[in-house]
Structures are given as C-alpha cells and as structure tokens.
**Student:** 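This is the structure, below, for whatever I ask next.
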Amino acid sequence: MHSILITGGAGFIGSHLTRLFVTRYPNYRVVNLDKLTYAGNLENLKDIEGMPNYQFVKGDVTDLEQVRGLFAEHRFTGVLHCAAESHVDRSITDPLSFVTTNVLGTAAVLQAAKEAWTGAMDDKVFYHISTDEVYGSLGKEGFFTEKTAYDPRSPYSASKASSDHMVRAFYHTYGLPVKISNCSNNYGPYHFPEKLIPLCIHNIINSKPLPVYGKGENVRDWLYVEDHVRAIDLIFHQGKVGETYNIGGHNEWTNIDLVKELCRQMDEKLGRDKGTSEQLITFVKDRAGHDLRYAIDATKLKNELGWVPSLQFEEGISKTIDWYLANKEWLDDVTSGNYLRYYDQQYHKR
Ligand code: NAD
Ligand code: TYD
C-alpha cells in the first residue's frame, strides 16, 4: 500500500501520470496537489475524479506549511514531483516565476519529504520529473546521455537544472531516496495549446497562421506522453535510488518537417485538398537563445528496465490529432479560458 503525492497532476504530463497511477494501482492512495495555474485543468482528470483512491488538493508547492500538512495527514510513501512552470517562451518574459515554482517549489517539497521521512527512508521514493533541456543544445551530431554535463540556456531549463541539483543534494546530504528522469519533448492529448503541436492542431482546425520560429530548422525528439508516464511508472517501481534515467523517443524532427506532417495528416482527416494547410505556415521571429537540437540516448533505460517507446511517430500524431478533433470542446474551453471556471463549478470553493 502506497500513499502517493503527485504535484502538478492537473497539467499535461501530470494528468496522464495521475490517471495511470489511480487506475493501475487501486490499492494506492493518490493525492494530487496542484495550484491550477493557467496550465492546470481539472477537466483533464474528469474521468477519474470520483475514484475512491484519488483526491485533489488545490495548493502551491512553494507553500512549505501546506506541503508539510499534507505529509502529516497522508503519510506519503512516494512523491512524483511534476509541478513546474514549463513553457520556454513564458520563461523568457517572466523568469522569476520559474525560479519560484521550479527551484523554490522543488526545495520545499524536498524539505517536507526529508522532515517526514528522516529515520524511515527505506521504503520511500522521491521521484523528480525533469527535462532533457537541462543538457543544453546539441549540434547536428550526438545525443544526451545521463553523463552529459548540464548546460541550460533558457530561464526554464536553468530553473529545471537547479531543481535537479537540489534533488541530488538532498540525496547526497540527507540520504533522501530520490530518482530523476530527464525526458525529451512530449506530445499527446491534454497538451496545452501554447506548445508547438497542439497550437498547430488548433490553428489548422481554425485555418489560422502556423507560426514557425526562425527557419524551422530546430530539432526536437518527440515522445508520446503515455510512453513517458509508462517509463516513470517503471522507474518509480524498479529504478535504482540515486540514479538518473534519460527518456526519449529516438524520434527527431525539424520543426518545419513536423508542422508539414501535421498539415498533411490534418488535410486528409478534415477532407481538405492536399497542400491546403501548408499555406498557413508563417515564418516568424526566432525565439531568443533558441536551442538548436535535443536528442536523447535512452539506452540505460532500455538495458536496465526494458523500456522502449510503444508508438511510431506518425501513429502517435494521428492518435493525437484524432483526440483533438474528438475533443474540440476541451480545446475551445482552454483557448477561451472557460476551463478556469471548472474548479468553482466542481468544488464550489476557491
Ligand atoms: P504543464 O505546464 O502542462 O503542467 C504543470 C502543472 O503544474 C499545472 O497543472 C500547474 O497548475 C501546476 N503548477 C504550476 N505551478 C505550481 C505550483 N507552484 N504549485 C503547484 N502546482 C503548480 O507541464 P507539463 O508539460 O505537464 O510538464 C510537467 C513536468 O514535466 C514539468 O516538471 C516539466 O518540466 C517536465 N517535462 C515536460 C516535458 C514536456 O514536453 N512537456 C518534457 C520533459 C519534462
Ligand atoms: P515547444 O513546444 O515550446 O517546446 P520546447 O521549446 O520546450 O522544445 O517548442 C517546440 C519547438 O517548436 C521549439 O524549437 C520552438 C518551436 N516553436 C515554433 O516554431 N513555433 C511556436 O509557435 C512554438 C510554440 C514553438
């Protein structure tokens, strides 16, 4: 019997992770602590909100008193720390909110875990969900391994790198049983339409311009979100304490090729003439400090725990587009801001 704290469970990856743990482990108690920022949406979890082993708590990971209180009340044996500010472009306009949530918030959750678990660390796991962006930017060749030196270049990646360091510091200094994974770019259902793939899907549906930064030559390594949370489940249960695991899809796409693939598939699905959506592509000013290429070497995870991605990209993208087309209401609610009212309607309090 585990009692698990998931932070940021109302976000994109957090909601898939929460769903997986609540449905796959009915004997675990799962508490989802989320601040419900613009990126947190309880509609992402509608299908599991009534499950007896699931509880939502609105709150902030930077609030040490609140996190301490939750540890005292629920006697957590595991933490899956997902809460973060996650969008690079927002980190460029507002870096300090990234420092607050990603660095101070992680430190607060670590501190609460340390206080609660000191003297009884053996059966506990503090799992920190991180990103490959901490490794910086690759040239045309090579891959990030777990041994690649950190070289973050955006306020987002620098704040995530800081949080990773803090997690390792709690392991080395206090013996906190930590595990870290660094994953490449995710895509799939419930992805907030400020990120490239859902933004383009939304704009293609509405025949709006598709903004491609610079020349569209930057490369990302895309992984279907359910493959990511499957890897987290595996590492949480079977990974070694104190270790880091890279997670990635071996699936590199330049942004421009990716957007063209989205256009191709969506023209077919929407019954539009071939080439229609490509006309929406608009090259815009590049992102400041735009990392050229990310690519993960996930050999360690494959060799040690047998994980490989389950989906080919064309199939994953097709599933993702189908989900957005079948859930236009979700997309409309998110883009109109209506989803922000859901908490009030559902929980009658704020
Ligand atoms: P997201 O922005 O979709 O969701 C973040 C969630 O955290 C939201 O529900 C938000 O309300 C919550 N949150 C933000 N600040 C909080 C605070 N102070 N207290 C409590 N909750 C707070 O992010 P995501 O894309 O699902 O990413 C989740 C995690 O995975 C992040 O740590 C991110 O760095 C990491 N990650 C993301 C990707 C990716 O491609 N999206 C890839 C690798 C790693
Ligand atoms: P994004 O989805 O923001 O993820 P990240 O920056 O964390 O990799 O962006 C993916 C890539 O797409 C990145 O190279 C920036 C680029 N991009 C665009 O070209 N246009 C856009 O409108 C956005 C949001 C991103």
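Counting starts at 1 for both ligands and their atoms, in listed order.
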**Student:** Side chain or backbone, does T37 bring an N or O within less than 3.5 Å of an N or O on ligand 1?
**Tutor:**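 So ligand 1 has an N or O lying under 3.5 Å from an N or O of T37.
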**Student:** Give me the residue, atom name and distance of the protein heavy atom closest to atom 43 (C) of ligand 1.
**Tutor:**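 Protein heavy atom with the smallest distance to atom 43 (C) of ligand 1: C183 O, 3.3 Å.
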**Student:** With under 30° as parallel and over 60° as perpendicular, where do the rings of Y187 and Y224 fit, or are they tilted in between?
**Tutor:**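 If you compare the ring of Y187 with that of Y224, the planes turn out perpendicular.
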**Student:** If I apply the N/O under 3.5 Å rule, does D60 come out as touching ligand 1?
**Tutor:**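 N/O-N/O distance under 3.5 Å: yes.
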**Student:** Which atoms from ligand 2 have a heavy atom of V212 less than 4.0 Å away?
**Tutor:**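 Answer for ligand 2: 19 (O).
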**Student:** Quick one: look up the protein heavy atom nearest atom 40 (O) of ligand 1 and list residue, atom name and how far away it is.
**Tutor:**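 That would be N186 N, 2.9 Å.
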**Student:** Starting from atom 2 (O) of ligand 1, find the nearest protein heavy-atom neighbour and note its residue, name and distance.
**Tutor:**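 Ranking protein heavy atoms by distance from atom 2 (O) of ligand 1, first comes S86 OG, 2.6 Å.
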**Student:** Out of all atoms in ligand 1, which are within 4.0 Å of some heavy atom of T131? Include the element for each.
**Tutor:**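 This gives 43 (C), 44 (C) as the contact atoms.
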**Student:** Count the heavy atoms of every other residue, nucleotide or ligand shown that sit under 6.0 Å from CG of N206, and state whether that count exceeds 12.
**Tutor:**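 Count over threshold, so yes.
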**Student:** Please state whether C82 comes within less than 4.0 angstrom of ligand 1, counting heavy atoms only.
**Tutor:**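 Flag set, C82 near ligand 1.
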**Student:** Number the atoms of ligand 2 from 1 as they appear, then name those within less than 4.0 Å of a heavy atom of H87, with their elements.
**Tutor:**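 Taking each heavy atom of H87 in turn, ligand 2 has 3 (O) under 4.0 Å.
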**Student:** Is D267 paired with K274 through a side-chain N to carboxylate O contact shorter than 4.0 Å?
**Tutor:**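 Looking at D267 together with K274, the answer is no, because their closest N to O distance does not fall below 4.0 Å.
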**Student:** May I ask you to check whether Y294 and E133 show a side-chain donor-acceptor distance below 3.5 Å?
**Tutor:**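 Yes, side-chain donor-acceptor contact under 3.5 Å.
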**Student:** Are Y28 and N53 close enough that a side-chain donor and a side-chain acceptor fall under 3.5 Å?
**Tutor:**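 The criterion, which ignores hydrogens and geometry beyond distance, is not satisfied for N53 and Y28.
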**Student:** Between the side chains of D333 and N41, is a donor N or O closer than 3.5 angstrom to an acceptor N or O?
**Tutor:**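 No, because no side-chain N or O of D333 sits under 3.5 Å from a partner of the opposite role on N41.
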**Student:** Quick one: does ligand 2 sit under 4.0 Å from the side chain of L196, the backbone, both or neither, non-hydrogen atoms only?
**Tutor:**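 Contact part for L196 vs ligand 2: both backbone and side chain.
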**Student:** Number the atoms of ligand 2 from 1 as they appear, then name those within less than 4.0 Å of a heavy atom of V88, with their elements.
**Tutor:**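 Those atoms are 6 (O), 7 (O).
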**Student:** Quick one: does ligand 2 sit under 4.0 Å from the side chain of E194, the backbone, both or neither, non-hydrogen atoms only?
**Tutor:**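 Backbone only.
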**Student:** For the residue pair W330 and Y324, does the interplanar ring angle fall in the parallel (under 30°), tilted (30 to 60°) or perpendicular (over 60°) class?
**Tutor:**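 Ring orientation of W330 relative to Y324: perpendicular.
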**Student:** By number and element, which atoms of ligand 1 are closer than 4.0 Å to a non-hydrogen atom of G8?
**Tutor:**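 The atoms of ligand 1 under 4.0 Å from a heavy atom of G8 are 6 (C), 7 (O), 9 (O), 12 (C).
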**Student:** What class does the angle between the rings of F12 and H16 fall in, given that below 30° is parallel, 30 to 60° is tilted and above 60° is perpendicular?
**Tutor:**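 The arrangement is perpendicular - the two ring planes meet at more than 60°.
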**Student:** In terms of residue, atom name and distance, what is the protein heavy atom nearest to atom 25 (O) of ligand 1?
**Tutor:**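 Checked against all protein heavy atoms, atom 25 (O) of ligand 1 sits closest to F12 CD2, 3.8 Å.
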**Student:** Would you call R68 and E65 a salt bridge, taking side-chain N to carboxylate O under 4.0 Å as the test?
**Tutor:**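 Result for this pair is yes, salt bridge flagged.
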**Student:** Run down the list K35, E194, H16, H87 and name the one with the heavy atom closest to atom 16 (C) of ligand 1.
**Tutor:**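 Checking each option, the heavy atom nearest atom 16 (C) of ligand 1 is found in K35.
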**Student:** Report yes or no: is the cationic atom of R90 (NZ for Lys, CZ for Arg) under 6.0 Å from the centre of the six-membered ring of Y38, at an angle within 45° of the ring normal?
**Tutor:**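 Yes, cation above the ring, under 6.0 Å and within 45°.
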**Student:** Below the 3.5 angstrom mark, is there an N/O of S130, backbone or side chain, next to an N/O of ligand 1?
**Tutor:**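 In fact, backbone or side chain, S130 has no N or O that close.
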**Student:** Is N41 in polar range of ligand 1, meaning some N or O pair under 3.5 Å apart?
**Tutor:**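 Not met; the criterion fails.
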**Student:** Which residue and atom name correspond to the protein heavy atom nearest atom 35 (C) of ligand 1, and how close is it?
**Tutor:**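 Answer for atom 35 (C) of ligand 1: I129 CG2, 4.0 Å.
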**Student:** In the protein, which heavy atom is nearest to atom 4 (O) of ligand 1, and how far is it?
**Tutor:**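 Protein heavy atom at minimum distance: G11 CA, 3.4 Å.
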**Student:** Does ligand 2 have a heavy atom under 4.0 Å from the side chain of N185, from its backbone, from both, or from neither?
**Tutor:**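 Side chain only.
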**Student:** Any nitrogen or oxygen of Y156 lying under 3.5 Å from a nitrogen or oxygen in ligand 1? Just yes or no.
**Tutor:**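 There is such a contact, yes.
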**Student:** Anything under 30° is parallel, anything over 60° is perpendicular, the rest tilted; go ahead and classify Y213 against H290.
**Tutor:**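 It falls in the perpendicular class, over 60°.
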**Student:** Can you confirm whether more than 12 heavy atoms, excluding those of Q312, are under 6.0 Å from its CD atom?
**Tutor:**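 Counting neighbours around CD of Q312, 12 or fewer heavy atoms of other residues, nucleotides or ligands fall under 6.0 Å, so no.
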**Student:** Using heavy atoms and a 4.0 Å limit, tell me yes or no: is S184 in contact with ligand 1?
**Tutor:**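 Right, S184 reaches ligand 1.
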**Student:** Just checking, any donor-acceptor pair under 3.5 angstrom between side chains of T145 and D297?
**Tutor:**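 No, D297 and T145 have no side-chain donor paired with an acceptor closer than 3.5 Å.
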**Student:** Is the shortest heavy-atom distance from the side chain of L196 to the side chain of R220 under 4.5 Å?
**Tutor:**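 No, their side chains stay 4.5 Å or more apart.
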**Student:** Please state which option from R287, H191, R220 has its nearest heavy atom closest to atom 6 (O) of ligand 2.
**Tutor:**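 Nearest option to atom 6 (O) of ligand 2, by heavy atoms: R287.
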**Student:** Flag this pair as yes if the NZ/CZ of R293 is under 6.0 angstrom from the six-membered ring centre of F143 and inside a 45 degree cone about the axis; otherwise no.
**Tutor:**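 The answer is yes; both the distance and angle limits are met.
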**Student:** Would you check whether D89 has a nitrogen or oxygen atom less than 3.5 angstrom from a nitrogen or oxygen atom of ligand 2?
**Tutor:**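 No; the residue has no nitrogen or oxygen that sits under 3.5 Å from a nitrogen or oxygen of the ligand.
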**Student:** Does L36 approach ligand 1 within less than 4.0 angstrom via side chain, backbone, both or neither, non-hydrogen atoms only?
**Tutor:**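 The answer is the backbone of L36.
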**Student:** Is the shortest distance from a heavy atom of S15 to ligand 1 less than 4.0 Å?
**Tutor:**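 The answer is no, since S15 has no heavy atom less than 4.0 Å from ligand 1.
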**Student:** Ignoring hydrogens and angles, state whether a donor on the side chain of T244 or K300 is under 3.5 Å from an acceptor on the partner side chain.
**Tutor:**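 No pair is found: no donor N or O on one side chain lies under 3.5 Å from an acceptor on the other.
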**Student:** So is N185 in contact with ligand 1, going by heavy-atom distances below 4.0 Å?
**Tutor:**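 N185: in contact with ligand 1 (<4.0 Å).
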**Student:** Looking only at protein heavy atoms, identify the closest one to atom 16 (C) of ligand 2 and say how far it is in Å.
**Tutor:**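 Looking at atom 16 (C) of ligand 2, the protein heavy atom closest to it is N255 ND2, 3.4 Å.
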**Student:** Taking only heavy atoms of P211 into account, list the atoms of ligand 2 that are under 4.0 Å away from them.
**Tutor:**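 By the 4.0 Å cutoff, the relevant atoms are 18 (C), 19 (O), 20 (N), 21 (C), 22 (O).
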**Student:** I'd like to know if the side chain of D257 pairs up with that of T254 as donor and acceptor (distance under 3.5 Å, no hydrogens or angles considered).
**Tutor:**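 Note: D257 and T254 side chains meet the donor-acceptor criterion.
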**Student:** Passes salt bridge (Lys or Arg N to Asp or Glu O under 4.0 Å), R230 versus D233? Steps please.
**Tutor:** CA-CA 5 Å; R230 206 167 43 77; D233 180 18; over 6 Å; no
**Student:** Between K160 and ligand 1, which part of the residue brings a heavy atom under 4.0 Å of the ligand: side chain, backbone, both or neither?
**Tutor:**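 Looking at K160 and ligand 1, just side chain atoms fall under 4.0 Å.
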**Student:** For the residue pair S163 and H128, confirm or rule out a side-chain donor-acceptor distance under 3.5 Å.
**Tutor:**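 Result is yes, a qualifying pair exists.
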**Student:** For atom 39 (C) of ligand 1, which protein heavy atom lies nearest, and how many Å away is it?
**Tutor:**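 Answer for atom 39 (C) of ligand 1: I13 CD1, 3.8 Å.
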**Student:** Above 12 or not: heavy atoms from other molecules or residues under 6.0 Å from CE of M266?
**Tutor:**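 More than 12 heavy atoms, drawn from other residues, nucleotides or ligands, come within 6.0 Å of this atom.
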**Student:** Measure the distance from atom 25 (C) of ligand 2 to every protein heavy atom, then report the residue, atom name and distance (to 0.1 Å) of the closest one.
**Tutor:**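 For this ligand atom, the closest protein heavy atom is Y213 CE1, 3.5 Å.
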**Student:** Any nitrogen or oxygen of T62, main chain or side chain, under 3.5 Å from a nitrogen or oxygen of ligand 1?
**Tutor:**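 No - when backbone and side-chain N and O of T62 are compared with those of ligand 1, no distance drops under 3.5 Å.
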**Student:** Going by heavy-atom distance to atom 7 (O) of ligand 2, choose the closest among R293, E133, H290.
**Tutor:**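 It is E133 whose heavy atom sits nearest to atom 7 (O) of ligand 2.
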**Student:** Among all protein non-hydrogen atoms, which one is nearest to atom 19 (N) of ligand 1, and what is the separation to 0.1 Å?
**Tutor:**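 Answer for atom 19 (N) of ligand 1: V61 N, 3.0 Å.
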